[in-house]
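Report on the following structure.
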Amino acid sequence: MARKTKMNSITTPELLSQVSAENKELLSDFLDYLRSVQRSEATIAGYENDIQIAWVWNLLHNNNIPYPEWTKRQIVRYQNWLLNENGNSPARVKRLKASLSSLGNYIENVLDEDYPNFRNIINKVESPVNQPVREKTVFTDNQINTLLNELTIKGHYDKACAVALALYSGRRKSEILRFHVSDFSDDKLVCGGSLYKTGKIRTKGRGIQGKQLECFCLAKQFKPYLQRWMSYREEHGIESEWLFPSKTNPDEHMGVSTMNSWATTFSRILGVDFYWHAMRHMTVTMFIRAGIPETAIQQYIGWSDISMVPVYSDIQADEHLGMYFNENGIVSPEQKSLSDI
């Protein structure tokens, strides 16, 4: 019951083979350019997928003409097709247009000698207004405790450990997979033993290595799930430096596709859509309820901008204000320690 997202099924090898040679070459050169400025392979793959969708639409509905010859009218037709025939959300349409805009910037700035008359006009066409296309899942503590208990009872210690790590560290699903066993040894405990401070892992960001961050995790809360998983690994001879190793190759970490599959399983258990990013919201919300200052939350998650804290808070305005106001007027919020969380 994972949240529904429109998946691309148009870029088949058969159709891509019919794309014009000029457009194929433009895309290939653009991807090489992205590698030369150290975009991550995941980012490059996203650009490739997005632009291939445009190439196939161009093949089927626009006479397969070279992209530098597209007019604003043709961009409108492509946008209309994405929105009203292919069923993409307004946000997805903006993303697909943004990829073409980046390609256009590359043509305009780097290939100007080959295309002296080209102008990047795609953003001249107004994009559709964003509309929510799927409900945001806000979990209660009871729901996540129920999930963790059921996974533990059934002996799914790897799944329970991953959920607990996501909840108590606030890391994204791709980042959860990059932790090593050594990141949670006793010598990594800080702040009086209340937190694990891990080695640097690659997080979302520019460059081949992305943004490198030392991450934190609530130790007392996470340890029981970690210990069960490590005991299971020892009993079953699972040896790997990765906390969540691939079942087929322990020298590599588990793939994001497995995390997605687990999310589908968790959705069935809970009866509501589960998605990993909701755990990041829960981490921030939990800290705000505990009275931890926003600056400390910012440092814990590793954000460069404190404005991200309220974005990830699931606390309604009346509850938040209730921490500071009551029948006596202005009050100081109750301060809790990390052990109370």
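When a residue number appears, it is its place in the shown sequence, counting from 1. A quick note: this is a predicted structure, and the numbers were derived from the prediction, not measured.
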Check: Taking the inter-plane angle between the rings of Y47 and F30 on a 0 to 90° scale, is it parallel (under 30°), tilted (30 to 60°) or perpendicular (over 60°)?
Finding: perpendicular

Notebook entry, point to check: Given T43 and S40, is the side chain to side chain donor-acceptor pair (under 3.5 Å) satisfied, shown in steps?
Noted result: CA-CA 5 Å; T43 297; S40 71; 2.9 Å; yes

Next item on the list: Check the pair S257 / N260 against side chain to side chain donor-acceptor pair (under 3.5 Å), numbers first and verdict last.
Entry: CA-CA 5 Å; S257 61; N260 292 338; over 6 Å; no

Notebook entry, point to check: Relative to each other, are the rings of W57 and W81 parallel, tilted or perpendicular (30° and 60° limits)?
Noted result: tilted

Next item on the list: For the pair W262 and W276, name the ring-plane relationship: parallel under 30°, tilted 30 to 60°, perpendicular over 60°.
Entry: tilted

Item checked: R280 to Y312 six-membered ring, cation-pi geometry met (6.0 Å, 45°) -> yes

Next item on the list: Might you point out which heavy atoms bring L59 and Q18 nearest each other, and give the distance in Å?
Entry: CD1-O, 3.6 Å

Next item on the list: Mind listing the closest non-hydrogen atom pair of L148 and A160 along with its distance?
Entry: CD2-O, 3.5 Å

Check: With a 6.0 Å cut-off on ring centres, are Y196 and F216 close enough?
Finding: no

Check: Quick one: do the N109 and N105 side chains pair a donor with an acceptor below 3.5 Å?
Finding: no

Checklist line | Side-chain H-bond candidate by donor/acceptor type, S307 with D305, under 3.5 Å | finding: yes

Margin query: So for atom NZ, which belongs to K72, do other residues, nucleotides or ligands contribute more than 12 heavy atoms lying within a distance under 6.0 Å?
Written below: no

Note to self: Taking S231's backbone N and O only, do any of them form a donor-acceptor pair with E234's side chain (distance below 3.5 Å, no angle check)?
What the structure shows: no

Notebook entry, point to check: Within a strict 4.5 Å, meaning less than it, do heavy atoms of the H253 and S246 side chains meet?
Noted result: no

Margin query: Is there a path of hydrophobic side-chain contacts, each under 4.5 Å between heavy atoms, that joins V37 and I51?
Written below: yes

Next item on the list: Might you work through the salt bridge (Lys or Arg N to Asp or Glu O under 4.0 Å) test for E41 and R35, ending with a clear yes or no?
Entry: CA-CA 8 Å; E41 284 302 318; R35 292 186 179 95; 3.3 Å; yes

Check: Is it true that R202 and E175 have a side-chain N and a carboxylate O under 4.0 angstrom from each other?
Finding: no

Check: Are any non-hydrogen side-chain atoms of V309 and I288 less than 4.5 angstrom apart?
Finding: yes

Margin query: Looking at D183, is its backbone amide N or carbonyl O close enough to the side chain of T198 to form a donor-acceptor pair, meaning the two atoms are under 3.5 Å apart?
Written below: no

Item checked: Under 3.5 Å: donor-acceptor pair, side chain of Q298, backbone of W303 -> yes

Next item on the list: Decide if the gap between the ring center of F274 and the ring center of F139 is smaller than 6.0 angstrom.
Entry: yes

Next item on the list: Go through the steps for N142 and T140 under the test side chain to side chain donor-acceptor pair (under 3.5 Å), then give the verdict.
Entry: CA-CA 5 Å; N142 184 59; T140 64; 5.0 Å; no

Margin query: Looking at T283 and M279, would you say the former's side chain and the latter's main chain have a donor-acceptor pair under 3.5 Å?
Written below: yes

Note to self: Has T258 got a side-chain atom pairing as donor or acceptor with M254's backbone, closer than 3.5 angstrom?
What the structure shows: no

Checklist line | For the student: nearest non-hydrogen atoms of I53 and T11, plus distance | finding: N-CG2, 3.6 Å

Notebook entry, point to check: Taking D50 as the fixed residue, which of R92, K97, K94 is the one that meets the salt bridge (Lys or Arg N to Asp or Glu O under 4.0 Å) rule?
Noted result: R92

Check: Can any side-chain N or O of S101 pair as donor or acceptor with the backbone N or O of I122 at less than 3.5 Å?
Finding: no

Notebook entry, point to check: Within the side chain of R233, is there an N or O that forms a donor-acceptor pair under 3.5 Å with the backbone of R228?
Noted result: no

Margin query: Tell me the closest heavy-atom pair linking V256 and L177, and the distance in Å.
Written below: N-CD1, 3.6 Å

Note to self: Would you say I301 ends up clustered with V311 if hydrophobic residues are merged whenever their side chains have heavy atoms under 4.5 Å apart, either directly or through other cluster members?
What the structure shows: yes

Margin query: Go through it in stages, so that I can follow the logic: the residues are F222 and F184, the test is ring-ring contact (aromatic ring centres under 6.0 Å, His included), and I'd like the CA-CA distance, side-chain angles, deciding distance and then a yes or no.
Written below: CA-CA 10 Å; F222 177 56; F184 302 99; 5.2 Å; yes

Note to self: If you define the side chain from C-beta out and look only at heavy atoms, does anything of M282 sit under 4.5 Å from V138?
What the structure shows: no

Checklist line | Cluster overlap L213 with I306, hydrophobic side-chain contacts below 4.5 Å | finding: no

Next item on the list: Please find out if less than 6.0 Å separates the ring center of Y300 from that of F287.
Entry: yes

Checklist line | Within-4.5 Å side-chain heavy-atom neighbours: D158 and Y232 | finding: no

Notebook entry, point to check: Can you get from W242 to L226 by hopping between Ile, Leu, Val, Met, Phe, Trp and Tyr side chains that sit under 4.5 Å apart?
Noted result: no

Next item on the list: Starting at NZ of K223, measure out to SG of C217 and round the result to the nearest 0.5 Å.
Entry: 11.0 Å

Check: In this structure, which one of W70, Y67, Y78 forms a side-chain hydrogen bond (donor to acceptor under 3.5 Å, both in side chains) with N58?
Finding: W70

Next item on the list: Decide yes or no for N88 and L83: does some side-chain heavy atom of the first lie under 4.5 Å from some side-chain heavy atom of the second?
Entry: no

Margin query: Could you tell me if the side chain of K220 sits less than 4.5 Å from the side chain of S194, heavy atoms only?
Written below: no

Next item on the list: Please tell me if the side chains of D29 and E25 come closer than 4.5 Å, counting only heavy atoms from C-beta onward.
Entry: yes

Check: Is it the case that N120 and E108 place a side-chain donor and acceptor less than 3.5 Å from each other?
Finding: no

Next item on the list: For E22 and P66, work out which heavy atoms get closest and say how close.
Entry: OE1-CG, 3.3 Å

Notebook entry, point to check: How far apart are the closest heavy atoms of L189 and A219, and which atoms are they?
Noted result: CD2-CB, 3.6 Å

Check: Quick check: are there more than 12 heavy atoms from other residues, nucleotides or ligands sitting under 6.0 Å from OH of Y33?
Finding: no

Margin query: Applying ring-ring contact (aromatic ring centres under 6.0 Å, His included) to F179 and F244, what does each step give before you reach the verdict?
Written below: CA-CA 8 Å; F179 285 114; F244 299 106; 8.7 Å; no

Next item on the list: Would you mind checking if E214 and K197 are paired as a salt bridge, meaning a charged N to carboxylate O distance below 4.0 Å?
Entry: yes

Margin query: Between I176 and S169, is there a side-chain heavy-atom distance shorter than 4.5 Å?
Written below: yes

Next item on the list: Give a yes-or-no answer on whether the side chains of S267 and T264 include a donor-acceptor pair shorter than 3.5 Å.
Entry: no

Note to self: So does D251 get a backbone contact from the side chain of N249, meaning a donor-acceptor N/O pair under 3.5 Å?
What the structure shows: yes

Check: Once you round to the nearest 0.5 Å, how far does CG of N149 lie from CD1 of I269?
Finding: 11.5 Å

